[in-house]
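Counting starts at 1 for both ligands and their atoms, in listed order. All values derive from a computational prediction rather than experimental measurement.
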Amino acid sequence: MASEDAAHPFDDPTADPAEIARIAAEQIAERTGVENHDIALTLGSGWGKAADLIGETVAVVPATDILGFRSPAVPGHVGTLRSVRLPNGKHALVLGARTHFYEDHGVRSVVHGVRAAAASGAKVMILTNGAGGIKQTWSPGTPVLISDHINLTAASPLEGATFVDLTDLYSKRLRDLARDVDPSLDEGVYVQFRGPHYETPAEVQFAKTIGGHIVGMSTALEAIAARQAGMEVLGMSLITNLAAGISPQPLSHEEVIEAGRSAEPVISDLLARIVERV
Ligand code: 8IG
């Protein structure tokens with residue numbers, strides 16, 4: 001039987017996600033030799049090169065060696081956890097194995113990386129993604145800061161009567177710090193759809209009407225879990241395409257990948273300069 005069919009801890013509904021994150025953090029410390037990480041980053045489409053630029057790689061671990069992680073379903077995503085020592089001496093944990101909500105493994109799997117990072121000591125969570133842009137002024141390849149989100153997945157990583165304040169979820173301090181590095185950075189409200197289909201033009205107009213500027217499939221649920229864990233969140237989107245109907249051209253996955261590829265060196269360098277200051 002293929003290894004992806006092996007039993008997974010989140011297949012057991014009685015499993016405690018916090019306990020699985022705690023064990024994962026122990027395994028990360030053991031496998032990387034780094035007892036505590038200060039910062040964690042999830043690198044989405046177009047952002048992967050940042051892992052090489054932020055500092056010196058101390059250890060690379062296949063994500064599936066760590067409890068609760070799954071191998072990524074999206075081609076171009078690297079299924080590794082990487083420990084990087086920053087020039088300022090801090091330790092960053094780079095999560096290269098995102099599980100998307102549309103994979104139908106449940107929200108516990110979606111946010112496990114964030115929870116494992118928090119259990120590893122990380123106080124700052126940097127979430128990056130490739131996304132569609134609603135503002136016409138954003139050409140493909142433009143990085144933007146996430147100022148807030150609208151969660152249209154009808155799901156939450158919080159279980160039971162857990163009330164978490166999401167005011168200033170996307171830290172003003174970190175957004176200001178990012179703009180110190182690049183004053184041209186624009187910001188917008190990220191709208192998370194379930195996917196994996198892209199939106200219809202009517203859905204994009206809906207997202208715009210309710211106050212959205214960016215459409216994506218990943219970050220809102222992760223940000224909520226990060227805030228629950230007490231982390232400070234920085235969210236950044238690489239606009240790889242104008243959202244459906246905003247531009248006359250239809251969306252193509254190949255164009256999305258290509259926009260990410262050509263922007264990657266620039267935005268990865270930008271992210272490295274931001275991480276240095278966090
Ligand atoms: I890359 O246009 C990328 N991811 N929902 N819509 C949504 N997610 C995306 C898009 C997009 N482009």
Can you name the ring-ring contact (aromatic ring centres under 6.0 Å, His included) partners of His37, sequence neighbours left out?
none

For a quick check: using heavy atoms under 4.0 Å, what are the residues in contact with ligand 1, sorted by chain and number?
Gly130, Ala131, Gly132, Tyr198, Glu199, Val215, Gly216, Met217, Thr240, Asn241, Leu251, Val256

Phe101: what forms a ring-ring contact (aromatic ring centres under 6.0 Å, His included) with it, not counting sequence neighbours?
none

According to side-chain hydrogen bond (donor to acceptor under 3.5 Å, both in side chains), who are the partners of Ser156, at least two apart in sequence or on a separate chain?
none

Over 60° means perpendicular and under 30° means parallel, so classify the ring planes of Phe10 and His8, tilted if in between.
tilted

For Glu19, does the CD atom sit with more than 12 other heavy atoms under 6.0 Å from it, leaving out its own atoms?
yes

Please determine, by modelled atom types, if Arg70 and Ser109 share a side-chain donor-acceptor pair under 3.5 angstrom.
yes

